[in-house]
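Working notes, structure below.
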Amino acid sequence: MFAGANVDKRIVRQRFDRHAKEYDRYAEVQRVMADELVERMCQTIRPPLSEGTPQGNPPNTESLIYDIDLDKMTASIDEVSCAVRILDIGCGTGMLSERLARAFPGAELTLVDLSSRMLERASTKLTHAGVSPANIHLITADAEAWLESACGREETERPIYNIIASSAAFQWFNFPADTTHRLLQLLAPGGLLAFATFLPGTVRELHDAFRQAEALLGFPTQPHGQSYPNKEDWMTWLLEHGGNSPIRWETSSYRYTFPDARTALAQVRRVGAGNAVHVHDDTGAVGDGQRKSASSRKLIHAMLQAYQATFQQDDGRVPLTYEVAYCLTQRGLHTK
């Protein structure tokens with residue numbers, strides 16, 4: 001069973017603060033993930049009778065595990081206000097939030113992110129998209145710590161949401177089992193948890209090249225990026241706390257190519273996704289905030305050579321692969 005990402009959240013926050021300005025320029029797979037997740041949500045949720053189908057796409061009822069009625073969803077949380085309450089976990093620059101705002105006009109959006117600079121850009125993006133400032137709630141916090149605090153309140157004082165969504169953020173969870181439970185606790189009965197996250201095999205070319213370089217140099221094997229929970233892990237956590245609620249699970253593989261290995265590595269770093277895993281041997285440390293020794297520079301050089309030699313295509317370019325899961329589940333009336 002996957003224990004957790006084992007990342008240093010302080011380093012994660014620093015990286016995202018540093019790269020907030022350029023994030024949207026380089027976040028190609030993250031943009032696709034946000035698009036694909038919202039498309040699946042709109043296939044699943046029926047809009048209020050007074051409105052058109054979100055984004056103009058009729059639900060494909062043949063492909064649905066369940067069909068959620070938005071009118072009933074909002075009625076379950078507040079008999080006075082019918083606004084959809086949406087929580088975006090790890091919102092980043094607002095890629096997902098902006099799409100959710102278009103899909104569910106008038107929704108109240110609560111955005112949680114570790115990086116204050118990411119949140120600033122998300123807020124600006126939503127305002128430019130026409131979302132009322134009164135409907136934007138920003139929380140600068142580690143999502144796991146915030147969820148623990150929120151669920152520690154009396155049940156009547158907890159924030160409750162109709163939709164909890166996240167894209168390209170759950171991979172940062174150090175305590176995914178407990179955090180999944182808390183996410184479900186903050187869903188209204190009948191509410192929807194929808195997330196897109198990375199799976200094992202993501203940036204496998206990079207990991208393979210590092211292993212080759214370590215073997216060549218006689219360095220001890222160290223993590224050079226995160227490991228990820230698999231489908232069985234997520235199913236265990238969701239079913240343990242979600243009761244018998246059906247789960248829609250789909251996967252996609254995305255392959256991007258770059259002029260060379262150094263450019264591929266830079267692409268990963270420019271979206272703040274460099275190595276933040278706790279390590280104890282600086283010969284294996286490549287992330288910012290870890291000592292740049294002569295050994296680590298030698299390792300990077302050997303890794304880039306191994307990457308190029310192993311994965312270079314006939315056209316001279318090198319690939320980088322992302323494995324992604326899209327998961328949607330509804331909170332039942334008797335969720336633990």
Side-chain angles (χ1 to χ4, degrees), residues 5 7 9 11-41 86 88-103 109 111-129 131 138 140 143 165-173 194-199 201-207 224-226 228 251-276 287-288 317-327:
V7 294
K9 298 288 185 72
I11 294 177
V12 174
R13 183 185 68 250
Q14 290 172 350
R15 289 230 185 89
F16 281 116
D17 277 346
R18 183 184 309 134
H19 294 285
K21 282 186 177 181
E22 61 182 358
Y23 183 89
D24 285 358
R25 193 186 320 159
Y26 295 101
E28 297 179 29
V29 70
Q30 290 83 355
R31 186 175 297 107
V32 172
M33 291 167 70
D35 285 335
E36 292 289 323
L37 182 62
V38 172
E39 180 178 342
R40 285 164 171 78
M41 293 172 68
I86 300 176
D88 184 353
I89 294 290
C91 68
T93 60
M95 277 188 180
L96 179 61
S97 299
E98 183 182 29
R99 288 156 174 78
L100 291 171
R102 289 200 303 266
L109 295 160
L111 281 57
V112 181
D113 201 275
L114 197 61
S115 166
S116 59
R117 293 183 182 176
M118 287 284 202
L119 273 172
E120 290 170 5
R121 300 187 78 81
S123 179
T124 300
K125 191 176 292 182
L126 289 174
T127 302
H128 288 169
V131 179
L138 307 178
T140 306
S166 180
S167 182
F170 280 15
Q171 72 272 11
W172 300 111
F173 288 169
F195 63 92
T197 191
F198 296 111
L199 290 173
T202 292
V203 297
R204 54 180 172 265
E205 298 90 349
L206 192 59
H207 293 298
H224 297 281
Q226 293 163 251
Y228 304 97
T251 62
S252 293
S253 182
Y254 303 101
R255 191 168 183 264
Y256 297 86
T257 61
F258 301 90
D260 50 49
R262 189 176 295 277
T263 306
L265 179 61
Q267 175 80 10
V268 173
R269 288 176 164 173
R270 281 170 175 154
V271 292
N275 186 19
D288 298 337
R317 298 176 68 85
V318 297
L320 190 62
T321 304
Y322 295 89
E323 302 294 342
V324 175
Y326 299 96
C327 183

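Residue numbers start at 1 and run along the sequence shown.
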Is there a side-chain contact between L206 and H224, using heavy atoms and a 4.5 Å cut-off?
-> no
Kindly give the heavy-atom pair with the smallest separation between E323 and T321, and that separation in Å.
-> OE2-CG2, 3.6 Å
Calculate, to the nearest 0.5 Å, the distance between atoms OG and CZ belonging to S116 and R13 respectively.
-> 8.5 Å
Side chain of D113, backbone of G92: donor and acceptor closer than 3.5 Å?
-> yes
Can you check whether R25 reaches R270 side chain to side chain, under 4.5 Å on heavy atoms?
-> no
How long is the span from the CZ atom in R102 to the OG atom in S97, to the nearest 0.5 Å?
-> 11.5 Å
Backbone N/O of L199 and side chain of T202: donor-acceptor pair under 3.5 Å = yes
Under the side-chain contact (heavy atoms from CB on, under 4.5 Å) rule, what do M95 and K125 come out as? Steps first, then yes or no, please.
-> CA-CA 9 Å; M95 277 188 180; K125 191 176 292 182; 4.3 Å; yes
4.5 Å side-chain heavy-atom contact, I89 and F170 | yes
Heavy-atom donor-acceptor pair, Q171 side chain to Y228 backbone, under 3.5 Å = no
Roughly how far, to the nearest 0.5 Å, is the CZ atom of R15 from the CE atom of M118?
-> 12.0 Å
Are side-chain heavy atoms of T197 and C327 found at a separation under 4.5 Å?
-> no
How many angstroms lie between CE in M33 and CD in E36, if you round to the nearest 0.5 Å?
-> 10.5 Å
Shortest non-hydrogen contact between A165 and L100, atoms and distance = CB-CD1, 4.0 Å
Residues E205, V318; criterion side-chain contact (heavy atoms from CB on, under 4.5 Å); working and verdict = CA-CA 9 Å; E205 298 90 349; V318 297; over 6 Å; no
Are the side chains of L111 and L119 in touch, meaning some heavy atoms are under 4.5 Å apart?
-> yes
CG on L320 to CD on E28, rounded to 0.5 Å | 10.0 Å
Heavy-atom check, side chain of R99 versus side chain of L37, under 4.5 Å | no
Just how far is it from atom CZ of F258 to atom OH of Y256, taken to the nearest 0.5 Å?
-> 8.5 Å
Nearest heavy-atom pair of Y23 and T93: which atoms, and what distance?
-> CD2-OG1, 3.8 Å
Hey, is R121 close enough to D24 for a salt bridge, meaning N to O under 4.0 Å?
-> no
Are side-chain heavy atoms of T251 and Y326 found at a separation under 4.5 Å?
-> no
Does the pair W172 and V12 meet the rule for a side-chain contact (heavy atoms from CB on, under 4.5 Å), with working shown?
-> CA-CA 9 Å; W172 300 111; V12 174; 3.7 Å; yes
Tightest non-hydrogen contact, residues A101 and L109, listed as CB-CD1, 3.8 Å
Is there side-chain contact between F198 and V324, with at least one heavy-atom pair below 4.5 Å?
-> yes
Expected output: side-chain R117 to main-chain A20 donor-acceptor under 3.5 Å | no
Where is the tightest heavy-atom contact between D88 and S166, given as atom of each residue plus distance?
-> OD1-CA, 4.2 Å
If you take all heavy atoms of S252 and R40, which pair is closest and at what distance?
-> OG-NH2, 4.4 Å
